[in-house]
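For reference, the structure discussed in these notes is given below.
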Amino acid sequence: MERHISSALRSRLPVLLRHVPAPVVGLITGLSRDQAAELKSNDRLIPPAPVLERLALRMGITPTRAVTFDPAGSLRDIVPEWFPEGRTQARITLVGMGNLGHVQAGLLGARPDVHVTCLVSSPERAATLRARMAETDGITVTWGDGTTVHGRPDIITDNAAEAVGEADLVFLATPCHLHLQQMRTLMPLMRDGAALSSGPAWGGFNWKARKVLGETGKRLRVFGLGGIPTMSKMDVPGQRARVVGVPKAVNVQQALDRADSVFASDVLSLLFGMPVLDVHNYLNINLAPGNQLLHTGIMYDLFRDWDGSPLSEPPLFYEGLSRTGAALLKDMSRELMAAALTLSRQRPEYWLFRRASLHVGIRMGYAGQIANPWTLYSAIRTNGAYKGIRTPMLTVDGGHAPNFGSRFFGEDVPDGLAIVKGVADIVGVGTPRIDEVMGWCQDIMGKEYVVNGRLTGRDVPETAAPQAFGLTDAESLVRSCVPA
């Protein structure tokens, strides 16, 4: 275990493990006796997320009990270089003003130590948002408990050079299938030494970033957030947004450069107000079970037998999950877990998660928000963060039809399921249920990814599968995801 001495986080493990002998801690976590002893004694030593996962699974010590965010830290203390010559604000650019972008524009815009720029897609959208925001002097964000925060981003623009040229941190609050092109546009405009991040950073974020860094020769601090900090909803563009449920209790990150790991954890923890832990290997983000299973699996369950007749209203997405759909998700999760476990056995030295089921991921990510967490079916249907979310639909004559052009297809298949399928092919694990769902999705999308049970279709190069980046064996795959 590398030393991860954080200024923004504090470990509770010295107290929780007080009566557990260091050799036992070592057996549970995979640490040496000396590392386990230090973990027991140092409340600023934050272990990588795979260690916390093992503690959670084997001792019931969840990340929320093991690590806390320390609000005493400050952005100026963590990154003094962002406050040169008496400057009082760090310069942060949010790319995208969708649901997540609106919430973060309001929350970060309320911070006195941050100057917020929002980069949007067109002059018309920038003008509309500025006009709407002027009416209310900012964006009001409502938390799940009813409390509000009112903040005003300083600049809303469609000019990329203006938005990112002097930024200290550029944060992509956009779907991951847009990241490669956005990196190619924005990275050349950023100053060397600036930071680039994203939330979430699944979808091969690391492979895309390394590709563009190689193309441009830029020297940037790049790190990705494992999951969105909040389930977010824009209510009135430029004026009102809300957090659905409560924020995740804990999040993870990974940096391209090992030297930036503590920096990334501290910056992201301070900006989002939650513990953000080093996950130690990007595959632990790229293979984290989540939207790539949930979105595609539930859409398949809902509409595989759809006859084309309009629906009277958009169905509830998560709360409407059927038991058949839950069984499908469980099968898909098992296939992902089998691929991850096989890879971890083939390359045990790389700190890969060994058990990362969809059920465990939901329970850990939404601790305290789930009324009945005991099965995957009940954990999804009773998750407060999923409450009231409707299925993506189009308005048509007579009612509503499924939106097969939504990101549930355009993002979660090529930048989600394709990665899982690609890894499974590399390690020799069959994925019949994932193949079933991908086959249905690709037919709807007019794409060809899976052919005869293998990820060899003509459209694989446009996906984020490892094969699209020339990674075709376990050694090169894992090495590509380890911080340099």
Side-chain angles (χ1 to χ4, degrees), residues 2 48-50 172 176-184 187 195-227 252-261 264 278-290 292 336-354 356 411 414-429 431 449 454-456 460-484:
E2 297 174 14
L172 305 180
C176 63
H177 68 282
L178 302 177
H179 288 171
L180 181 59
Q181 185 54 53
Q182 289 175 335
M183 289 177 187
R184 284 179 166 149
M187 280 185 174
L196 175 72
S197 188
S198 172
W202 53 62
F205 177 80
N206 57 311
W207 298 322
K208 296 169 184 175
R210 288 197 188 281
K211 183 180 181 68
V212 180
L213 288 173
E215 293 170 355
T216 62
K218 296 295 291 188
R219 297 187 300 277
L220 303 174
R221 308 178 83 169
V222 179
F223 45 90
L225 190 66
V252 297
Q253 63 79 21
Q254 187 59 67
L256 290 190
D257 191 329
R258 195 178 306 278
D260 291 331
S261 180
D278 174 17
V279 81
H280 218 81
N281 187 304
Y282 254 110
L283 277 172
N284 292 328
I285 292 177
N286 286 326
L287 289 180
Q292 82 278 56
L336 184 154
M337 289 171 62
L341 178 60
T342 301
L343 185 59
S344 72
R345 286 172 173 167
Q346 291 180 5
R347 292 294 179 272
E349 69 274 25
Y350 286 113
W351 288 88
L352 295 169
F353 284 132
R354 295 173 186 271
E411 176 180 33
D415 290 77
L417 277 187
I419 294 177
V420 179
K421 178 60 180 174
V423 172
D425 278 2
I426 287 172
V427 299
V429 169
T431 56
Y449 304 128
R454 301 282 294 178
L455 193 71
T456 56
V460 170
E462 65 185 40
T463 72
Q467 288 84 348
F469 298 90
L471 305 168
T472 57
D473 64 271
E475 179 65 22
S476 62
L477 170 64
V478 180
R479 283 192 177 276
S480 72
C481 293
V482 175

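Along the sequence shown, residues are numbered consecutively beginning with 1.
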Inset, instruction - Could you walk me through whether L220 and M187 pass side-chain contact (heavy atoms from CB on, under 4.5 Å), step by step? - result: CA-CA 8 Å; L220 303 174; M187 280 185 174; 3.7 Å; yes
Inset, instruction - Report the C-alpha separation of N206 and I285 in whole Å, then their side-chain angles, then the decisive distance to 0.1 Å, and conclude whether the side-chain contact (heavy atoms from CB on, under 4.5 Å) test is met. - result: CA-CA 10 Å; N206 57 311; I285 292 177; over 6 Å; no
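Looking at residues two or more places apart in sequence or on another chain, you find a side-chain hydrogen bond (donor to acceptor under 3.5 Å, both in side chains) between S476 and D473. Under the side chain to side chain contact (heavy atoms under 4.5 Å, CB included) criterion, A264 pairs with F223, Q253, sequence neighbours left out. Applying the salt bridge (charged side-chain N to carboxylate O under 4.0 Å, His left out) criterion to D260, with sequence neighbours excluded, gives R221. Scanning for side-chain hydrogen bond (donor to acceptor under 3.5 Å, both in side chains) contacts around R454 gives an empty result, with sequence neighbours left out. When the side chain to side chain contact (heavy atoms under 4.5 Å, CB included) test is applied to L178, the partners found at least two apart in sequence or on another chain are T174, P175, Q182. By the side-chain hydrogen bond (donor to acceptor under 3.5 Å, both in side chains) test, Q467 pairs with no residue at all, sequence neighbours left out. Applying the side-chain hydrogen bond (donor to acceptor under 3.5 Å, both in side chains) rule to S198 yields the partners H179; only residues at least two apart in sequence or on another chain are considered.
At least one donor-acceptor pair closer than 3.5 Å links the side chain of N284 to the backbone N or O of V279.
Using a 4.5 Å heavy-atom cutoff, the side chains of Y449 and T463 are in contact. In this structure, the side chains of Y282 and F205 come closer than 4.5 Å at one or more pairs of heavy atoms. When side chains are defined from C-beta on, I419 does not count as touching Q292, because their heavy atoms never get closer than 4.5 Å. The shortest distance between side-chain heavy atoms of V429 and L341 does not fall below 4.5 Å. Here the side chains of V423 and N286 are not in contact, with every heavy-atom distance at 4.5 Å or above. Looking at heavy atoms from C-beta onward, L196 lies in side-chain contact with M183 at the 4.5 angstrom threshold.
Closest heavy-atom contact between P461 and A468: O-CB, 3.8 Å. Of all non-hydrogen atoms in R258 and P483, the two that sit nearest each other are NH2-O, 2.9 Å. Listed here is the closest heavy atom pair of S197 and G224: OG-CA, 4.1 Å. Closest approach of A418 to L455, counting heavy atoms only: O-CD2, 3.6 Å. Taking every heavy atom of both residues into account, G422 and P466 meet most closely at C-CG, 4.1 Å. Nearest heavy atom pair, residue L343 against residue L283, reads CD2-CD1, 3.5 Å.
More than 12 heavy atoms of other shown residues, nucleotides or ligands fall within 6.0 angstrom of atom CZ in R184.
To the nearest 0.5 Å, atoms CH2 (W207) and CG (L256) are separated by 12.5 Å.
Applying the salt bridge (charged side-chain N to carboxylate O under 4.0 Å, His left out) definition to pairs two or more places apart or across chains, those involving residues 201-214 are K208-D415.
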